[in-house]
Amino acid sequence: MSSVDERELAEVRMIEEGLRSAYDGDAERVVEALSRLRDFAVQLVHLEITAEYELDAKALIIAMGDIGRETAEKRMETASIASVRALGEVAVEAVDQKRESLALKALSVLVSLALELGGKSMDAAAKSAAESLGSFGKVSSRKKMEVLTGLSEVYLMQLSIKAMEKNLSETWDIALSFLREIGSSSAEQAMENGAVGTAILLEELGTAAVRGRDEPG
């Protein structure tokens, strides 16, 4: 068996292990599986760009999201935190290596899971998701990748609104903090669209908070 076949087999087994552990409610084994899957995905991010490696990496990202959704369904806070962190780390690594397609896939899976966690009022896990989204946005800004920076801001705003609806104070605070930091970073990088976009999003959040009679917000 070739080294590539061995790696793919190991990936499949780890995906199965992660899903099975999530179904069984075994948080410790879920966390271990997510760690391995993250390592597999990061390794692929650094390999030569080929259609096969791209598809393989995206499959791993989707699998991490599936595992995360199952942990959210079972309200496994620790495992859910591990899932959003693993996705965030893959997303940031993809941005750092300027693998935009992989970064977009990881970002979309991450925000979908983040909103689900927020909808289930899992504040600690949703807060961790906000941190992952914020880190992604800051790295994207430093790399002057305006599309990814803008998407991270929009997704942070969506998560902020969800946090406001569900009274998730920790998630709300972190999301707003990162929105400001990304805006400042965009200004430093002379990314005018990003800086202006952040100001607009913050203004819209303020308006939403007033409508919801959330005076501190």
Side-chain angles (χ1 to χ4, degrees), residues 4-47 52-95 97 99 101-136 151-152 155-156 158-159 162-163 166 168 170-171 174-175:
V4 173
D5 290 338
E6 288 178 355
R7 175 179 54 77
E8 290 177 348
L9 181 59
E11 291 171 358
V12 170
R13 286 175 174 169
M14 198 50 56
I15 290 171
E16 292 174 346
E17 172 71 13
L19 287 170
R20 183 168 54 251
S21 299
Y23 292 143
D24 292 342
D26 189 337
E28 185 176 349
R29 295 186 73 177
V30 170
V31 172
E32 291 175 0
L34 286 166
S35 178
R36 291 289 305 282
L37 291 172
R38 176 205 60 209
D39 292 345
F40 285 143
V42 168
Q43 181 184 13
L44 288 167
V45 168
H46 285 268
L47 291 178
E52 182 181 0
Y53 289 157
E54 190 93 358
L55 288 172
D56 196 2
K58 287 180 178 179
L60 288 170
I61 290 167
I62 291 169
M64 285 190 281
D66 290 342
I67 293 169
R69 278 189 289 277
E70 184 60 28
T71 64
E73 191 65 31
K74 286 187 163 42
R75 296 188 174 276
M76 300 163 64
E77 195 96 44
T78 301
S80 295
I81 289 171
S83 66
V84 293
R85 285 181 177 171
L87 285 166
E89 287 168 13
V90 174
V92 167
E93 196 67 28
V95 170
Q97 297 299 313
R99 300 287 298 275
S101 175
L102 292 181
L104 281 168
K105 173 55 70 175
L107 180 62
S108 67
V109 174
L110 173 59
V111 72
S112 176
L113 181 55
L115 292 173
E116 185 166 348
L117 292 167
K120 293 182 181 298
S121 298
M122 296 172 67
D123 199 6
K127 172 190 172 184
S128 185
E131 291 170 343
S132 292
L133 287 169
S135 297
F136 178 92
L151 283 173
S152 70
Y155 292 153
L156 275 169
Q158 291 178 354
L159 186 55
K162 181 64 68 176
K166 296 292 185 177
L168 308 180
E170 291 188 15
T171 303
I174 289 296

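For the single chain, residues carry numbers from 1 onward in sequence order.
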(message) If we check side chain to side chain contact (heavy atoms under 4.5 Å, CB included) with L156, which of these qualifies: V111, L151, L133, I174?
(response)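 With L156 as partner, V111, L151, L133, I174 yield a single side chain to side chain contact (heavy atoms under 4.5 Å, CB included), made by L133.
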(request) Indicate the atoms forming the closest heavy-atom contact of A91 with A106, along with that distance. (result)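 Looking at all heavy atoms of both residues, the closest pair is CB-CB, 3.6 Å.
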(request) Considering non-hydrogen atoms only, spot the tightest contact between V90 and V42 and give its length. (result)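 Answer, listing the atom of V90 first, then V42: CG2-CG2, 4.3 Å.
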So, the side chain of [X] versus the backbone of [Y]: is there a donor-acceptor pair under 3.5 Å, distance only?
X: S152; Y: F136; result: no
X: S128; Y: A125; result: no
X: S35; Y: V31; result: no
X: T71; Y: G68; result: yes

(request) Flag yes if more than 12 heavy atoms outside K74 fall under 6.0 Å of its NZ atom; otherwise flag no. (result)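 Yes, NZ of K74 has more than 12 neighbouring heavy atoms, counting only those of other groups under 6.0 Å.
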(request) Using the test side chain to side chain contact (heavy atoms under 4.5 Å, CB included), find all partners of A10 that sit at least two apart in sequence or belong to another chain. (result)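 Partners of A10 by the side chain to side chain contact (heavy atoms under 4.5 Å, CB included) criterion, ordered by chain and then number, come out as F40.
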(request) Name all residues meeting the side chain to side chain contact (heavy atoms under 4.5 Å, CB included) criterion together with D123; count only those two or more places apart in sequence or in a different chain, and write none if there are none. (result)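 Listed in chain order: L168, S169, E170, T171.
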(message) Under the rule for side-chain hydrogen bond (donor to acceptor under 3.5 Å, both in side chains), what residues qualify as partners of S101, not counting sequence neighbours?
(response)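 side-chain hydrogen bond (donor to acceptor under 3.5 Å, both in side chains) list for S101, sorted by chain: E54, K58.
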(message) Once side chain to side chain donor-acceptor pair (under 3.5 Å) is applied, what residue pairs with a partner in residues 108-119 remain, sequence neighbours excluded?
(response)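 Non-adjacent pairs meeting side chain to side chain donor-acceptor pair (under 3.5 Å): zero.
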(message) Once rounded to the nearest 0.5 Å, what's the spacing between atom CG of D56 and atom CD1 of I61?
(response)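 Result: 10.0 Å between the selected atoms.
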(request) State the CZ-OG distance between R85 and S80, to the nearest 0.5 angstrom. (result)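 Going from the CZ atom of R85 to the OG atom of S80 covers 11.5 Å.
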Between [Y] and [X], is there a salt bridge with N-O shorter than 4.0 Å?
X: R99; Y: E93; answer: no
X: E11; Y: R7; answer: yes
X: R36; Y: E32; answer: no

(request) Show your reasoning for whether side chain to side chain contact (heavy atoms under 4.5 Å, CB included) applies to E70 and M76. (result) CA-CA 9 Å; E70 184 60 28; M76 300 163 64; over 6 Å; no
(request) Check salt bridge (Lys or Arg N to Asp or Glu O under 4.0 Å) between E131 and all other residues, then give those that pass, not counting sequence neighbours. (result)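 Once residues adjacent in sequence are excluded, E131 has no partner under the salt bridge (Lys or Arg N to Asp or Glu O under 4.0 Å) criterion.
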Using atom types as modelled, flag every donor-acceptor pair under 3.5 Å from a side chain in residues 19-27 to any protein atom, sequence neighbours excluded.
from : atom 1 : to  : atom 2 : distance (Å)
R20  : NH2    : E17 : OE1    : 2.9
S21  : OG     : E17 : O      : 2.8
S21  : OG     : E17 : OE2    : 3.4
D26  : OD1    : E28 : N      : 3.4
D26  : OD1    : R29 : N      : 3.3

